[in-house]
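Structure first, then comments.
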Amino acid sequence: MLVNDDIHALSKAVSGPVVLPDSPEFAEETFAFNVATVHRPDVVLGAADAQDVATAVKWAAEHRLPVSVQSTGHGANSAIDGGLLINTRRLQDLQIDPVERTARVGAGVKWRTVLEASVPHGLVGLHGSSTDVGVVGYTVGGGLPVLGRAHGFAADHVRSMDIVTADGALRRIDADAEAELFALMCGGKGNFGIVTALEFSLFPLGDFYGGGIIYPGADADLIFAAFRKWLPTLPDDASPSISLLRLPDMDFVPPPLRAKFVVHLRFAYMGNREDGDALLAPMRTVSTPLMDTAGPMDYLDVDQIHMDPADPLPFTDGGALLKDLGEETVAQLLELAGEGSDCPLLLVEIRPLGGALAQGGALADAVSGRDAAFLLFLVGFNIPPMAAASIASIREILAAMAPHSTGYTLVNFHGEPGDEADRARAWSPAVYERMRSAKTTYDPGNLLRFGHAITGLPATG
Ligand SMILES: Cc1cc2nc3c(=O)[nH]c(=O)nc-3n(C[C@H](O)[C@H](O)[C@H](O)COP(=O)(O)OP(=O)(O)OC[C@H]3O[C@@H](n4cnc5c(N)ncnc54)[C@H](O)[C@@H]3O)c2cc1C
């Protein structure tokens, strides 16, 4: 049990604030974008620099306190109960090297901040559907980018990271220095340490064409049939996705779409208007769109492609990797989630994979699921009275899709972590075994045991 002297010793040793549950700052320091999740650690450190993280981890190890980390709370799928929570939001260092085409960010930096600094140099990073997400949490989870089919997963393009391992040591790791730890941190989530800074590649930005088409939900079967035929005609430079949206009557939804059931086609393409229009043409005539925003796009408007909620909200989610999107798969999905179903979910999304996502980078990183053809992702409100129905619907759809699934998921889309077998679904068996071995080496006391944590190998001898 922690006593006042222990807390005092930590406060004296770090520069950032040490916050206890009875302090007025506790709610702010533990706040998560997913407001359904309320964290209750024993103590929070608002880390001011990497040294604070190292000092606090060492302190926690000495007191046998488990350690968790949060920057934005976009990935707060489960509550942190007890232990030390390290909040990294103050770690805002950002350097863009336009010659080397790299960015180096502190662990509190969000994707929007990177783009605002890199786009003037004609460079972009491999962010996902919302640039409000933290770069580090997203990337250590693999990071499935909007332009993933063109460039691969964000984790495939990490150059180096600064990480505090469970022994409190601050290490700079890369493909040469502690290569296996580095490879497994690229996709293995926060299992082996707390990242304080990340360096990654940026990509040249030429013409950019993007946006979305929103159709009436009643035409979902026609639109999905057309989508299936259209996909094989696209180059890897084009990254589409499609979703069924039950839009709430809320401010973040454009007024004409509030409280409507619609199909949302998203399209991101590194190319000019003429080519973008030509690629998208078959999908413009399938049904009468309620809204069509696709066209040449200022890259800083990239969040308009997916139109993810920008403000915190209470949600629950879940996902699975699919082998195919055949007629039968679509028919089953629409039966459970299409018009006329009692599906309560806000979002039922299909993201095609393939292209560079299937190939991987030079490093044998921890991103699994490269053999999958699609990602299915489900999101519902997690607030009474909808919470129970959302959770039941996610379970029902995942169970119905099981025959079409590879049996695995991506950790960033896994949803609430269940038992060990469930958590293991986020990695291939081969990667999972490598991760267990590394966990035994780098976190033998299982200090980092929250969220999508794995356990090490049993002791031998
Ligand atoms: C609206 C929305 C859109 C999204 N779109 C995409 C997408 O397109 N592609 C995609 O791949 N994912 C996407 N995600 C999932 C997102 O990438 C994950 O939830 C990710 O974990 C968020 O990271 P964070 O740091 O913002 O969140 P946090 O909740 O702060 O962190 C989540 C977890 O990341 C790990 N982590 C965070 N910081 C560190 C650190 N410094 N060191 C080690 N581990 C750390 C920890 O395990 C932590 O529990 C989306 C999520 C939301 C809510």
Side-chain angles (χ1 to χ4, degrees), residues 30-37 39 47 50 53 57 67-80 85-91 105-112 126-148 153-155 161-166 184-198 239 241 252 266 268 302-303 305-317 319 346-347 349 351 353 357 367 369 375 377 379 409-417 423 426 443 448-454:
T30 54
F31 181 81
F33 177 88
N34 184 352
V35 296
T37 300
H39 297 310
V53 177
V57 170
V67 178
S68 55
V69 58
Q70 175 167 288
S71 63
T72 71
H74 277 78
N77 305 109
S78 57
I80 293 157
L85 169 64
I86 297 180
N87 188 318
T88 59
R89 71 192 162 111
R90 292 170 181 79
L91 305 184
V105 299
V109 172
K110 293 182 180 187
W111 273 114
R112 170 134 296 264
L126 296 182
H127 58 86
S129 58
S130 162
T131 61
D132 194 41
V133 166
V135 176
V136 168
Y138 163 91
T139 305
V140 296
L144 176 60
V146 169
L147 290 168
F153 287 91
M161 48 177 98
D162 293 355
I163 178 174
V164 174
T165 38
L184 293 175
M185 278 303 297
C186 295
K189 211 66 186 173
N191 263 297
F192 315 105
I194 297 186
V195 177
T196 58
L198 191 72
S239 290
S241 66
F252 75 87
R266 298 76 164 260
V302 70
D303 283 346
I305 295 178
H306 279 251
M307 298 199 315
D308 284 346
D311 293 325
L313 82 168
F315 64 90
T316 179
D317 55 8
L346 283 168
L347 172 93
E349 174 180 82
R351 289 198 200 184
L353 304 175
L357 293 165
V367 177
L375 170 75
F377 184 51
V379 181
T409 184
L410 298 176
V411 66
N412 277 355
F413 297 89
H414 180 252
E416 188 179 353
R423 279 173 276 143
D443 185 14
L448 302 157
R449 68 178 80 134
F450 292 104
H452 298 274
I454 65 158

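Counting starts at 1 for both ligands and their atoms, in listed order.
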Report task. Can you tell me which residue pairs pass the salt bridge (charged side-chain N to carboxylate O under 4.0 Å, His left out) test with a partner in residues 133-148, sequence neighbours excluded? Result -> none

**Report entry** Close side-chain approach of F192 and D443, heavy atoms under 4.5 Å
**Finding:** no

Query - Least distance between heavy atoms, G141 atom then K189 atom - result: CA-CD, 3.7 Å

Report summary line: Chain-and-number sorted residues having a heavy-atom contact under 4.0 Å with ligand 1 are V69, Q70, S71, T72, G73, H74, G75, A76, A107, G128, S129, S130, V133, G134, V136, G137, Y138, V140, G143, L144, K189, G190, G193, I194, V195, D308, F315, R351, N412, F413

Requested in this report: Please examine the side chains of S78 and H452, heavy atoms only from C-beta on, and report whether any two atoms are closer than 4.5 Å.
Outcome: no

Requested in this report: Identify whether the distance between the nearest side-chain nitrogen and carboxylate oxygen of E416 and R423 falls below 4.0 Å.
Outcome: no

Query raised in the report: How many angstroms lie between atom CD1 of I163 and atom OG1 of T196, to the nearest 0.5 angstrom?
Result: 8.5 Å

